[in-house]
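Data block below; observations after.
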There are 2 protein chains.
Amino acid sequence: MRREDSEIVRELPLFRGVELENFRTLIAAGYVQRFPTGTVLIHEGERPDFLHVLVDGQIAFFASHNDREATVSILTPPAAFILAAVIVDGPYLKSARTLSSSTTVVLIPAGAVREVFERDTGFARATVAELACRYRTIVKELKNVRLRSSSERLANWILTQASQSGGCGTFRLPFEKRALASRLGMRPENLSRALAELAEAGVTVDGPMIRVGDAAKLIAFSKPNPLIDDPTS
Amino acid sequence: MRREDSEIVRELPLFRGVELENFRTLIAAGYVQRFPTGTVLIHEGERPDFLHVLVDGQIAFFASHNDREATVSILTPPAAFILAAVIVDGPYLKSARTLSSSTTVVLIPAGAVREVFERDTGFARATVAELACRYRTIVKELKNVRLRSSSERLANWILTQASQSGGCGTFRLPFEKRALASRLGMRPENLSRALAELAEAGVTVDGPMIRVGDAAKLIAFSKPNPLIDDPTS
DNA sequence: CGATGAATTGAGAAGTATCAACCTGGGTGG
DNA sequence: CCACCCAGGTTGATACTTCTCAATTCATCG
């Protein structure tokens, strides 16, 4: 593993509090892999062999049933994933596929993670914090799905994205529209229509570029709610 | 607090591994309360003052936005709740209301929980396990909502409920139909219609009594999936 | 025995999915 | 270099699911 990659891992909240010796054990057991776009990294139902850390690229988590597919979340680096499955040693509840070329992932054997977890209180504490945040994120997502229409979800997603991309009001979609549609729980066709509908709220679209022309108007339409949209709360 | 109540708390997976002395600290700081039906115990957005343990009765967790209300989950005793909010010391993401009369709750001050959490590795470990399971439960719920129609959710809920209520194929609804409807993400009207529709799959309804006449037929309709429906996986 | 709230039923509206056609830009191979 | 192909995206027509509103029945309780 390149020093560069292990440093990224070390800087994650999940690993920052791990004792150095234990961290070295984890890194020594782990290795790095790169994947092209569309690679399915993990399959729903299988057992976790590794804790994964996304270092570069993007990953979509999705589940399949009844000939349908639903995206549960999209992960941006740096972030650990499938921690819960490793901890409880239960089957993956979702599959994961890379959304961008040269997606880089650090793999740490699940057994090593559980061992260090047992003897390193710093790691245990960080694990608790991580899981608690993940839990709360999904609760928010469930609220988002159940309390809003698809256009409202889109509008709020755009608001969040715009505010995270500096204040200029214009940003580039971080992934394809089809991926965004699935992330928001809608069909590509409906995303198109919803984007067209948001023109009334001052949103203009040019290919992958989104422009929020009138933030106040978009906020009035979106009715953002920190208990759904604020990733930090 | 009655010995009976503290024993229930002690027996929970979350508290079983806590050192006795620390457990006594928690119990000494805590107290018991009983509430009538419809009492709102916690309010979305407020700060957590107590870790709650449901000892008797039932509680629905719900969130409000846009003049809508959505039930996120329904809890049956014994179980701790709002653990994640206490751990991260963040605002409640959902409100909670009692569904049954004389719902009994043990309240343990959040500060005491966080203190014990810091020094008791058994408790920290149990917290991780609890949070990981909760997280996975919600992921399953999100899949349930996104991958199934409302009648399918109902059918699978009935299957799970019937299997948990002994093998006779008949069981009583544990709460009102309106609560069930909200739990399943549908309106009471649609629950009525969906129940009527399930007659084709051999389900008969008499007030609060549900009878699964032909389990095989219901399974064929429901297409159950352990990665959505199995509470233990 | 009336009052209240839950449950059901029906009719209509809204939201979303599905299917098909078409456009468009980027890449490929002749 | 250009014609072609192809995948992603858009647009339109239609069907299905779910919501909403209104009216009715039913059981429970003071």
Side-chain angles (χ1 to χ4, degrees), chain A residues 36-38 58 60 64-71 97 99-101 144-157 172-200 203-210 221 223, chain B residues 36-38 58 60 64-71 97-101 144-157 172-200 203-210 221:
Chain A
T37 307
Q58 278 167 329
S64 307
H65 179 70
N66 266 357
D67 300 318
R68 294 196 225 186
E69 186 178 299
T71 297
R97 102 161 49 94
L99 288 183
S100 35
S101 57
N144 198 26
V145 169
R146 293 252 280 241
L147 295 170
R148 284 180 173 149
S149 70
S150 58
S151 339
E152 286 173 332
R153 292 198 294 277
L154 171 61
N156 280 289
W157 183 86
R172 170 182 290 271
L173 292 178
F175 29 73
E176 290 182 344
K177 285 182 184 161
R178 47 178 40 242
L180 175 59
S182 187
R183 158 71 242 273
L184 294 172
M186 54 205 291
R187 301 282 136 176
E189 295 95 324
N190 290 333
L191 175 60
S192 273
R193 290 186 252 265
L195 278 172
E197 182 192 335
L198 286 186
E200 290 174 31
V203 176
T204 45
V205 183
D206 178 23
M209 299 303 297
I210 307 285
F221 178 89
K223 285 165 274 177
Chain B
T37 307
Q58 279 166 330
S64 307
H65 179 70
N66 266 356
D67 300 317
R68 295 197 224 187
E69 186 178 301
T71 296
R97 104 163 44 94
T98 59
L99 288 182
S100 36
S101 58
N144 198 25
V145 169
R146 293 253 280 240
L147 294 170
R148 283 181 174 148
S149 71
S150 59
S151 337
E152 286 173 331
R153 292 198 294 276
L154 172 61
N156 280 288
W157 182 87
R172 171 181 289 269
L173 291 178
F175 29 73
E176 290 182 341
K177 283 182 185 160
R178 46 176 41 241
L180 174 59
S182 188
R183 158 70 242 275
L184 294 172
M186 54 206 290
R187 302 281 135 174
E189 295 95 322
N190 290 334
L191 176 61
S192 273
R193 289 186 253 265
L195 279 171
E197 181 193 335
L198 286 186
E200 290 175 31
V203 176
T204 45
V205 183
D206 178 24
M209 299 303 297
I210 306 285
F221 178 89

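Below, read A as the first sequence line, B as the second, and so on, with proteins coming before strands; counting in each chain starts at 1.
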Quiz prompt | R153(B) versus L184(B), closest heavy-atom pair with distance | solution = NE-O, 2.7 Å

Quiz prompt | Heavy-atom closest contact (A194(A) atom, L154(A) atom, distance) | solution = CB-CD2, 3.6 Å

Quiz item: Just by modelled atom types, is the G38(A) backbone N or O under 3.5 Å from a matching donor or acceptor in the R97(A) side chain?
Solution: no

Quiz item: Looking at S182(A) and A70(A), what are the two nearest heavy atoms and their distance?
Solution: OG-C, 4.3 Å

Exercise. Starting at atom CE of M186(A), determine the distance to atom C1' of dG9(D), rounded to an integer number of angstrom.
Key: 14 Å

Exercise. Check whether any side-chain heavy atom of V145(B) sits under 4.5 Å from a side-chain heavy atom of V145(A), and report yes or no.
Key: yes

Quiz prompt | Between dT17(D) (P) and L154(B) (CG): distance, integer Å | solution = 15 Å

Quiz item: What's the spacing between L195(A) CG and L180(A) CG if we round to 0.5 Å?
Solution: 7.5 Å

Practice problem: Measure from CZ on R153(B) to C1' on dT17(D) and round the result to the nearest Å. | Solution: 11 Å

Exercise. Would you jot down, in residue-number order, the residues of residues 189-200 of chain B having a non-hydrogen atom under 4.0 Å from DNA chain C?
Key: E189(B), S192(B), R193(B)

Quiz item: dT20(D) P sits how many Å from N66(B) CG, rounded?
Solution: 11 Å

Between N or O atoms, less than 3.5 Å apart, protein on one side and nucleotides 24-30 of chain D on the other: list the pairs.
none

Quiz item: Short question: side chain of T98(B), backbone of P36(B) - any donor-acceptor pair under 3.5 Å?
Solution: yes

Exercise. Pick base, sugar-phosphate or nothing for S150(B), based on heavy-atom distances below 4.0 Å to the nucleic acid.
Key: sugar-phosphate

Exercise. If a pair satisfies salt bridge (Lys or Arg N to Asp or Glu O under 4.0 Å) and one of its residues is in residues 172-182 of chain B, list it, with sequence neighbours excluded.
Key: none

N/O contacts under 3.5 Å, protein versus nucleotides 5-7 of chain D?
none

Quiz item: So how far is it from W157(B) CH2 to I210(B) CD1, rounded to the nearest 0.5 Å?
Solution: 7.0 Å

Exercise. Supply the atom-to-atom distance F221(B) CZ to E200(B) CD, rounded to the nearest 0.5 angstrom.
Key: 8.0 Å

Exercise. Quick one: pull up CE in M186(A) and OG in S151(A) and give me the separation to the nearest 0.5 Å.
Key: 6.0 Å

Quiz item: Over how many whole Å does the gap from R187(A) atom CZ to dG9(D) atom P extend?
Solution: 15 Å

Self-check item: Nucleotides bounding contact with chain B, strand DNA chain C, heavy-atom threshold 4.0 Å
Solution: dA6(C) to dA11(C)

Quiz item: Under 4.5 Å between any side-chain heavy atoms of Q58(A) and P174(A), yes or no?
Solution: yes

Quiz item: Going by the side-chain hydrogen bond (donor to acceptor under 3.5 Å, both in side chains) test, which pairs reach into residues 183-192 of chain A, not counting sequence neighbours?
Solution: E141(A)-R183(A)

Quiz prompt | Closest-nucleotide ordering on DNA chain C, the 5'-leading residue of S149(A) and K177(B) | solution = K177(B)

